[in-house]
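These notes are about the structure you will find just below.
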Amino acid sequence: MKLPLRFLRAAVVCGLLLAAVPPCAFSALDPGPAAPLIAQMVSRILEQNHYSHHPLDENTSKDLLSNYLDMYDYNHMFFDKSDIAEFQAKYSEQLSSKLKDGDLEPAFAIFDRFLKRLEEREVSVKQLAAGTMDFSVNETLATDRHEAPWPATSAEMSDLWRKRVKYEMLQERLAKTKPAEQAKIVTTRYERLLRSYKEYDSNDVIQNYLTALTHTFDPHSDYMAAPQMENFNISMRLSLVGIGAVLRSEDGYAKIVSLVPGGPADSDKRLKPNDRIEAIAQGDGPWVEAVGMKLDRLVQLIRGEKGTIVRLRVIPADALDPSTRLTIALVRDEIKLTDQEAKAKIILSPASGGRNLKIGVIDLPSFY
């Protein structure tokens with residue numbers, strides 16, 4: 001970590017400020033009332049406290065725009081040349097001054113445009129995957145297009161995506177995927193990509209934008225919004241308060257991957273791997289529908305204070321009737337992440353002279 005401790009502390013404060021505006025308090029693409037202050041604080045901290053001490057100037061603006069575009073379109077396949085020309089004309093020299101003024105409009109304008117382009121591409125992928133493809137034609141596709149120019153025309157964009165979808169369909173053929181499933185796998189991939197970006201809230205957009213800013217100073221500094229800061233702190237102290245379930249997002253549902261041994265869910269025995277969470281309630285409170293909810297938002301609802309109750313409405317994986325629903329009430333408790341903690345041991349190895357050589361081994365399964 002290249003930043004002094006005072007920067008990290010300030011970054012924590014910024015994350016807490018952002019947490020004061022919950023994601024549900026404003027529309028997904030509205031920065032919210034706390035955002036201008038956060039932008040100003042992060043800008044000031046970087047200028048004054050980063051070891052390089054270089055100012056936020058026109059060069060920073062250009063680098064910030066480049067970094068931010070890379071976050072959404074690293075392979076130059078979603079934006080077109082006119083999008084980039086527009087962004088450069090409007091923002092390439094102004095992003096630093098806008099940040100100092102607390103103006104995050106560029107971050108949301110670029111994200112909105114990306115989402116629009118992604119929706120367009122998702123529609124075209126479905127059309128292309130449903131069509132007939134001639135694999136006897138000798139064609140090439142650069143799979144890494146980071147250094148390639150953005151498509152200049154709609155025809156160039158269409159041809160690029162025709163080859164991309166053809167390449168992905170060919171990959172499925174080579175993997176011996178059943179012909180009837182090849183198109184579905186490819187289209188589902190982009191449906192999930194679109195769904196994941198549509199779940200973005202203001203915290204996500206701001207975090208990406210300010211991380212793109214910190215990367216103009218050095219590649220190892222990130223801005224963390226409150227949910228990411230909480231996860232970072234959990235990884236540092238190796239404990240959290242919750243139910244002890246590992247989740248992943250799958251087709252709009254939070255699916256149980258595994259249960260932490262000894263945790264509330266494991267001890268209760270009713271929640272099983274592959275069960276899907278349909279809704280969540282706090283104690284005797286109302287149900288909050290969880291289908292389509294962003295995973296980190298759902299995790300926040302499940303976590304809470306030790307000794308409090310969370311209710312889950314679950315679709316059991318082994319239910320014979322697909323309409324079956326199971327309501328499970330669990331008391332939150334502290335979960336120790338012992339599988340992630342550092343471990344040490346001494347290995348005795350035979351050495352010359354009949355003596356054992358003692359070798360110390362430290363196992364670091366994760367960073368903390």
Side-chain angles (χ1 to χ4, degrees), residues 12-13 15-25 196 199 201-204 207 224-319 324-343 365-368:
V12 173
V13 172
L16 292 176
L17 282 170
L18 192 53
V21 187
C24 59
S196 68
E199 291 174 356
D201 57 33
S202 299
N203 289 355
D204 297 308
Q207 176 172 275
M224 294 182 184
Q228 288 70 30
M229 194 68 209
E230 180 183 356
N231 289 335
F232 179 78
N233 287 335
I234 286 170
S235 70
M236 293 289 282
R237 64 176 180 262
L238 296 181
S239 68
L240 60 88
V241 175
I243 63 171
V246 179
L247 309 175
R248 76 162 175 258
S249 182
E250 185 174 294
D251 296 330
Y253 287 90
K255 190 174 183 178
I256 307 297
V257 176
S258 61
L259 303 178
V260 178
D266 180 57
S267 301
D268 183 82
K269 304 300 183 185
R270 287 179 292 172
L271 197 63
K272 307 289 185 182
N274 297 320
D275 288 353
R276 292 175 294 167
I277 299 174
E278 185 179 68
I280 303 170
Q282 307 300 323
D284 295 326
W287 289 105
V288 176
E289 294 298 320
V291 181
M293 182 180 291
K294 194 161 169 279
L295 189 61
D296 61 0
R297 171 66 176 152
L298 183 144
V299 169
Q300 284 182 304
L301 293 177
I302 294 177
R303 292 175 186 165
E305 295 184 9
K306 183 176 180 178
T308 58
I309 295 174
V310 60
R311 287 185 295 140
L312 305 178
R313 191 167 72 224
V314 173
I315 304 173
D318 57 359
T324 299
R325 298 295 183 270
L326 179 65
T327 298
I328 302 173
L330 297 169
V331 179
R332 297 179 176 103
D333 200 357
E334 183 176 9
I335 309 296
K336 296 291 186 180
L337 306 177
T338 55
D339 60 325
Q340 298 179 25
E341 68 182 358
K343 298 177 178 65
S366 64
F367 168 79
Y368 68 94

* Results of salt bridge (charged side-chain N to carboxylate O under 4.0 Å, His left out) for Arg313 - residues two or more places apart only -> Glu278, Glu289
* To do: Kindly give the heavy-atom pair with the smallest separation between Ala225 and Gln207, and that separation in Å.
  => N-OE1, 2.9 Å
* Partner residues of Val314 under the side-chain contact (heavy atoms from CB on, under 4.5 Å) criterion, sequence neighbours left out -> Leu271, Asp275, Leu312, Ile328
* Asked: Of all residues at least two apart in sequence or in a different chain, which pass the side-chain hydrogen bond (donor to acceptor under 3.5 Å, both in side chains) check with Ser258?
  -> none
* Structure fact -> Hits for side-chain contact (heavy atoms from CB on, under 4.5 Å) against Val257, two or more places apart or cross-chain, chain-then-number order -> Val246, Arg248
* List the atom of Thr324, the atom of Ala319, and the distance in Å for their closest heavy-atom pair. => CB-CB, 3.7 Å
* For the atom pair CG (Asn203) and CZ (Arg297), what is the distance rounded to the nearest 0.5 Å? -> 10.0 Å
* Is it true that a side-chain atom of Gln282 and a backbone atom of Val310 form a donor plus acceptor pair closer than 3.5 Å? -> no
* Asked: Could you go step by step and tell me if Leu330 and Ile309 meet the side-chain contact (heavy atoms from CB on, under 4.5 Å) rule?
  -> CA-CA 6 Å; Leu330 297 169; Ile309 295 174; over 6 Å; no
* Got Leu301 and Met293 here, is their nearest side-chain heavy-atom distance under 4.5 Å? -> yes
* What residues form a side-chain contact (heavy atoms from CB on, under 4.5 Å) with Arg276, not counting sequence neighbours? -> Tyr253, Lys255, Ile315
* To do: Answer whether the closest heavy-atom distance between the side chains of Val241 and Thr308 falls below 4.5 Å.
  => no
* Under the salt bridge (charged side-chain N to carboxylate O under 4.0 Å, His left out) rule, collect the residues that match up with Lys306, sequence neighbours excluded. => Asp333
* To do: Taking side-chain contact (heavy atoms from CB on, under 4.5 Å) as the test, write out the residues that go with Ser267, two or more places apart.
  => none
* Asked: Got a donor-acceptor contact below 3.5 angstrom from the Arg332 side chain to the Ile302 backbone?
  -> yes
* Asked: Are any non-hydrogen side-chain atoms of Asp204 and Lys294 less than 4.5 angstrom apart?
  -> yes
* With Arg311 via side-chain hydrogen bond (donor to acceptor under 3.5 Å, both in side chains) - residues at least two apart -> none
* Once you round to the nearest 0.5 Å, how far does CG of Asp318 lie from CG of Asn274? -> 9.5 Å
* **Side-chain heavy atoms of Pro264 within contact of Ile335, under 4.5 Å** => yes
* Starting at CD of Glu199, measure out to CG of Asp296 and round the result to the nearest 0.5 Å. => 9.0 Å
* To do: Name all pairs fulfilling the salt bridge (charged side-chain N to carboxylate O under 4.0 Å, His left out) condition that reach into residues 262-274, sequence neighbours left out, sorted by first residue then second.
  => Asp268-Arg270
* **Over all atoms of both residues, closest heavy-atom pair of Pro286 and Ala281** => O-CB, 3.5 Å
